[in-house]
Novice: 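The following block contains the structure, expressed as structure tokens.
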Amino acid sequence: MRLLIQPNYNSVSYWTAEYIIKEINKAQQKDKKFVLGLPTGSTPLGTYQYLINAYNDKRVSFKDVITFNMDEYVGIAEDHPESYHFFMRKNFFDHIDIQQENINILNGNAEDLEKECNDYEEKIKSVGGIDLFLGGIGPDGHIAFNEPGSSFTSKTRIKTLTEDTIVANSRFFDNDMTKVPKTALTVGVETILSAKEVIIIANGHSKARALAKVIEGGISQRWTVSALQLHPKGIIVCDEQAVYEITVGTYRYFKQLEKDNLINID
Ligand code: GLP
């Protein structure tokens, strides 16, 4: 697992966007579709903005990109401002040339939620699997909505959200915990690990405890993102604040190892 400790959030976003652009363009040169797994949350906003800028500058096209979002709340309307459908349109899809039929987001209002999850797994398989899964993490180390204790062999399914996550996400629901949905549909840990590449982005102090566990604490279902250590091509890209709790030795080790991949964008 690689760890890139960038100087700040802007650098995390820029580096990640450039990496994705390179991968999309590589696939395009081979006339291949590129399958991209995507997260919501505040962390990817900078990356999305850099991708939009690159599209506007004609450095990348999303015409042959197929996307699969990680998760969606159960029971809120697609046009609710906090639904992940709405988030993705507003912050990314409405600004690029992606084809509507290539966008896949779980339907949290499906009549049969279990079928919805199984169909999602089948759809991923039918396009040849995910080439690159981009993800963020929750303060409790969850990835997508794979809350602590989630099995590493889990696939797309319904999950009950923990109080930690409901508190963290209440900032998007007028700081009112009662307005946060209690369940969500989410890809599983195994769904993410099955991608050919996984990039996890994290910034800020609120992620420091989780990153310390993941980087130095070994593999544990308590911190589901630690499953990344099992992936042959897993990268964590974070800012300085997000690694506030790792030891100086580990910090220096990764800084040295990745010194050619660190950039400083103010
Ligand atoms: C939610 C999402 C996760 C996301 C996390 C962190 O729980 N399900 O996919 O990584 O929030 O969000 P933020 O980036 O806003 O910290």
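As the structure lists them, so they are numbered: ligands from 1, and atoms in each ligand from 1.
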Novice: Thr47 side chain to Thr16 main-chain N or O, any donor-acceptor pair under 3.5 Å?
Specialist: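 Checking the backbone N and O of Thr16 against the side chain of Thr47, no donor-acceptor pair under 3.5 Å is found.
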Novice: Would you mind listing each N/O atom of ligand 1 next to any protein N/O under 3.5 Å, plus the distance?
Specialist:
unit_1, atom_1, unit_2, atom_2, d
ligand 1, 7 (O), His142, NE2, 2.8
ligand 1, 8 (N), Asp71, OD2, 2.7
ligand 1, 8 (N), Ala144, O, 3.2
ligand 1, 10 (O), Ile137, N, 3.3
ligand 1, 14 (O), Ser42, N, 3.2
ligand 1, 14 (O), Thr43, N, 2.9
ligand 1, 14 (O), Thr43, OG1, 2.4
ligand 1, 15 (O), Ser42, N, 2.7
ligand 1, 15 (O), Ser42, OG, 2.7
ligand 1, 15 (O), Arg171, NH2, 2.7
ligand 1, 16 (O), Lys207, NZ, 2.7

Novice: Could you tell me whether a side-chain N or O of Glu116 sits under 3.5 Å from a main-chain N or O of Asn107, the two making a donor and an acceptor?
Specialist: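 Yes: the side chain of Glu116 pairs with the backbone of Asn107.
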Novice: Checking Glu216 against Thr247: is there a side-chain donor and acceptor pair closer than 3.5 Å?
Specialist: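 The answer is yes; a qualifying pair exists.
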Novice: Output the rest of the hydrophobic cluster of Met177: all Ile, Leu, Val, Met, Phe, Trp and Tyr residues reachable through side-chain heavy-atom contacts under 4.5 Å, sorted by chain and number.
Specialist: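 Members alongside Met177: Tyr73, Ile76, Tyr84, Phe145, Leu161, Ile166, Val167, Phe172, Phe173, Val180.
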Novice: Does the side chain of Asn10 pick up a donor-acceptor pair with the side chain of Ser13 at under 3.5 Å?
Specialist: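 No.
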Novice: Could you tell me whether a side-chain N or O of Thr67 sits under 3.5 Å from a main-chain N or O of Leu36, the two making a donor and an acceptor?
Specialist: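 No; zero donor-acceptor contacts below 3.5 Å.
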